[in-house]
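Labels below follow one simple rule: chain letters A, B, ... track the order of the sequence lines, proteins then strands, and each chain is numbered from 1.
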2 protein chains.
Amino acid sequence: METRELRYFVAVAEELHFGRAAERLGIAQPPLSRAIRALERRLGSPLLERTTRAVALTEAGSVLLTEGRTALDAVDAAERRTRRTAHTGPGVVLVAKAGASQELLTKLLAAYAAEPDAVAVDVELCGPGEQERLLRDGRADVGLLHRPFDSTAGFDTEDLHTEGQSLFLPAGHPLSTRTELRMADIEALPDLPLPRWPAADGTYPDGPGPQVRDTAQLRQLVALGRTAAVLPDSARVDLHDDVTAVALVDAPPVTTLLAWPPQSRSRAVADLVRVAARA
Amino acid sequence: METRELRYFVAVAEELHFGRAAERLGIAQPPLSRAIRALERRLGSPLLERTTRAVALTEAGSVLLTEGRTALDAVDAAERRTRRTAHTGPGVVLVAKAGASQELLTKLLAAYAAEPDAVAVDVELCGPGEQERLLRDGRADVGLLHRPFDSTAGFDTEDLHTEGQSLFLPAGHPLSTRTELRMADIEALPDLPLPRWPAADGTYPDGPGPQVRDTAQLRQLVALGRTAAVLPDSARVDLHDDVTAVALVDAPPVTTLLAWPPQSRSRAVADLVRVAARA
DNA sequence: GTCGATCGATACCGCGGGGGTATGAATGAG
DNA sequence: CTCATTCATACCCCCGCGGTATCGATCGAC
């Protein structure tokens with residue numbers, strides 16, 4: 001099966017509309033229809049149920065959509081990592097969530113830079129949930145993730161640090177004088193609705209809280225008295241006096257870890273992991 | 001990048017010889033040379049160093065070989081799983097090492113078959129180390145693996161059972177009267193050299209022991225007094241009186257587990273895992 | 001019921017590019 | 001120096017991908 005065919009199929013399967021899919025692919029609709037037909041003929045079974053009014057996935061089509069996406073990501077990864085190796089020489093791209101684990105990341109980078117044959121580390125910051133995609137399609141080589149928020153399925157991992165979580169409140173809020181809180185306490189926070197994070201497709205769920213993209217933005221909104229945030233304890237390190245943190249004793253613990261695609265156990269990534277595990 | 005280009009490159013990178021690679025691909029040598037050149041031009045950097053006498057991988061080429069293999073496996077997996085879904089309907093292929101964990105596997109299959117919406121489970125037996133390949137290229141959907149022998153990199157896993165190991169000896173061997181042994185004891189077994197398992201490429205390492213492909217074959221060789229074997233305790237269940245097992249108190253424990261590609265969390269695989277975890 | 005809009009399928013054409021054969025050029029063995 | 005080996009180049013053919021024009025089926029409006 002050729003990459004082109006897969007891209008065509010995935011486009012149609014996602015749009016469920018030949019015209020729109022063709023537009024997205026930058027080709028005309030007839031060759032797209034033909035390509036899908038040819039693919040179905042070669043696989044020996046229909047992938048889509050078409051009427052003139054609607055297109056739907058068959059069972060087999062649904063499998064090909066899932067598997068095809070990961071296959072396309074793998075092909076993209078091969079191309080991207082090759083290009084990077086060729087042009088910028090050896091080097092790793094590390095991806096982390098903007099504003100998270102600042103301190104740990106700083107230490108890690110410093111410790112790795114001191115290694116005998118350290119290579120350049122390009123740090124890429126992104127929104128929550130985007131890291132897995134970057135690791136999968138080759139835009140990044142290693143990621144700083146947080147369990148249980150990020151999925152580590154399909155990656156090799158090394159746990160670095162586990163910690164509890166705290167509630168971050170505007171200074172002066174009634175709850176900010178408490179020494180500890182429970183999850184049940186924040187259920188009842190009508191004045192401070194919890195923020196809404198974007199889903200994988202970039203859309204925001206409905207709800208009363210403000211929309212946020214990263215931790216820096218969130219911190220600002222907390223300081224402005226617009227929301228409260230549940231974050232790992234380590235976020236306390238760069239608190240100003242406009243935000244107060246109170247320990248949440250029954251919040252699930254958060255583990256910070258390194259994750260990387262299992263086949264790309266390059267020398268550089270291995271060194272990085274070894275240094276991180278030691279610290 | 002197209003699948004065809006990747007296949008061509010991987011063939012050349014593995015053979016390090018354009019002529020042989022072309023033969024393997026079933027095309028003539030000139031188009032292959034041209035295809036690789038075109039690929040290098042598009043990626044903007046050489047992948048191979050050629051002289052008229054030798055071909056070698058560049059740094060970038062080495063990356064593309066590794067990443068390209070996994071990408072090709074992913075594409076093959078997409079095609080195979082789609083074909084299977086289309087032709088044999090829903091169903092899973094479970095792969096296990098021949099002769100290993102018989103009892104657990106039997107129980108698992110029976111328990112799953114009793115589930116309300118169980119689908120057909122096709123059991124595929126193979127040699128050690130082959131399972132990962134089958135899972136990666138889509139010939140299997142879920143595997144019964146053994147840590148630390150099998151690598152679980154890149155798979156989701158569910159541990160089922162952990163046990164110690166024993167030394168399996170021909171009945172009547174001097175050591176067979178002992179109640180327990182240590183690893184150091186088998187270093188000194190000149191009369192019974194340990195067997196040699198095939199490497200990933202199917203070749204056998206050098207050494208004095210007999211070559212074996214699976215556990216059944218190994219058991220027979222032990223019974224014949226040709227070798228001794230270190231195997232998980234559960235291999236005792238179908239011992240005849242021609243083989244004796246003695247516990248190895250300091251052997252690393254073996255964990256039997258289910259592994260599956262993270263994206264193929266189909267209903268059937270999920271059920272199978274749930275049933276297995278319960279038992 | 002008729003008409004029109006929508007949308008996928010078909011027919012047909014042109015051309016780029018992938019594959020073939022023949023041959024050249026470079027290099028190392030003897 | 002000669003020859004064998006091996007990758008690159010030259011040239012040709014034709015398959016197949018993509019384009020435009022059009023058809024045919026289906027559904028909604030009235």
Side-chain angles (χ1 to χ4, degrees), chain A residues 1-62 64-65 68 71-72 75 78-79, chain B residues 1-62 64-65 68 71-72 75 79 86:
Chain A
M1 192 157 30
E2 286 305 311
T3 308
R4 183 182 47 82
E5 301 177 284
L6 259 187
R7 284 192 210 286
Y8 285 10
F9 173 75
V10 169
V12 176
E14 284 179 355
E15 300 282 348
L16 290 178
H17 189 289
F18 281 76
R20 280 196 300 275
E23 193 179 359
R24 195 174 112 184
L25 292 166
I27 64 171
Q29 171 259 318
L32 179 57
S33 283
R34 261 182 300 147
I36 302 290
R37 279 215 165 269
L39 182 60
E40 291 178 319
R41 198 159 35 84
R42 278 225 329 282
L43 292 178
S45 120
L47 301 169
L48 299 163
E49 314 248 10
R50 316 109 149 110
T51 68
T52 52
R53 310 302 287 180
V55 175
L57 285 170
T58 63
E59 192 72 19
S62 166
L64 187 57
L65 177 57
L72 288 177
V75 172
E79 178 161 352
Chain B
M1 191 155 33
E2 286 305 311
T3 309
R4 184 181 48 81
E5 302 177 283
L6 259 187
R7 284 192 210 286
Y8 285 9
F9 173 76
V10 169
V12 177
E14 285 179 355
E15 299 283 347
L16 291 178
H17 189 290
F18 281 75
R20 279 197 301 275
E23 193 179 359
R24 195 173 110 184
L25 293 166
I27 64 170
Q29 170 259 317
L32 179 58
S33 283
R34 262 182 300 152
I36 301 291
R37 279 217 163 269
L39 181 60
E40 290 179 320
R41 197 160 35 83
R42 277 227 329 283
L43 292 177
S45 119
L47 301 168
L48 299 163
E49 314 248 9
R50 318 113 149 107
T51 68
T52 53
R53 309 303 286 180
V55 176
L57 284 170
T58 63
E59 192 71 18
S62 166
L64 187 56
L65 176 57
L72 288 177
V75 173
E79 180 161 350

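- Here the side chains of B:Arg50 and B:Ile36 are in contact, with some heavy-atom distance below 4.5 Å.
- Whole-Å rounding puts the A:Leu48 CG to C:dG8 P distance at 10 Å.
- Between A:Leu6 and A:Leu64, some side-chain heavy-atom pair lies under the 4.5 Å cut-off.
- For the segment residues 1-10 of chain B, residues with any heavy atom less than 4.0 angstrom from an atom of DNA chain C are, sorted by number, B:Arg4, B:Tyr8.
- For D:dA8, one of the phosphate oxygens OP1 or OP2 lies less than 4.0 angstrom from a side-chain nitrogen or oxygen of B:Ser33.
- A:Leu47 has its CG atom 16 Å from the P atom of C:dG8, to the nearest Å.
- Contact check, A:Arg50 against C:dA9: a side-chain N or O comes under 4.0 Å of OP1 or OP2.
- Within a 6.0 Å sphere centred on CD of B:Glu59, other residues, nucleotides and ligands contribute 12 heavy atoms or fewer.
- Here the P atom of nucleotide C:dA5 and the CZ atom of A:Arg53 are 12 Å apart, to the nearest Å.
- Taking 4.5 Å as the limit, some side-chain heavy atom of B:Leu48 sits within range of a side-chain heavy atom of B:Phe18.
- Following rounding to the nearest Å, B:Gln29 (CD) and C:dG24 (P) show an atom-to-atom distance of 15 Å.
- When the C1' atom of D:dT9 is taken as reference, atom CD1 of B:Ile36 falls 17 Å away, rounded to whole Å.
- Taking CD of B:Glu5 as the reference point, atom CG of B:Leu43 lies at 8.0 Å (rounded to 0.5 Å).
- Rounded to an integer number of Å, the gap from B:Leu16 CG to D:dT5 C1' is 16 Å.
- Checking D:dA21, D:dT6, C:dG8 against every side-chain atom of B:His17, the shortest atom distance belongs to D:dT6.
- Nearest nucleotide to the side chain of A:Pro30, out of D:dA4, C:dT21, D:dA21: D:dA21.
- Counting to the nearest Å, the C1' atom of C:dG17 and the CZ atom of B:Arg41 are 12 Å from each other.
- Considering only the side chain of A:Arg34, D:dC17 comes nearest among D:dC17, C:dT21, D:dT26.
- Using a 4.0 Å heavy-atom distance criterion, B:Arg37 is classed as a sugar-phosphate-only contact.
- Proximity note for A:Val55 (side chain, C-beta onward) versus D:dC7, C:dG8, C:dT21: the nearest is C:dG8.
- Contact check, B:Thr51 against C:dT27: no side-chain N or O comes under 4.0 Å of OP1 or OP2.
- At a threshold of 4.5 Å between non-hydrogen side-chain atoms, the residues A:Ile27 and A:Tyr8 count as touching.
- Rounded to a whole Å, the CG atom of A:Leu32 is 12 Å from the C1' atom of C:dC7.
- With contacts defined as side-chain heavy-atom distances shorter than 4.5 Å, the pair A:Leu65/A:Val10 qualifies.
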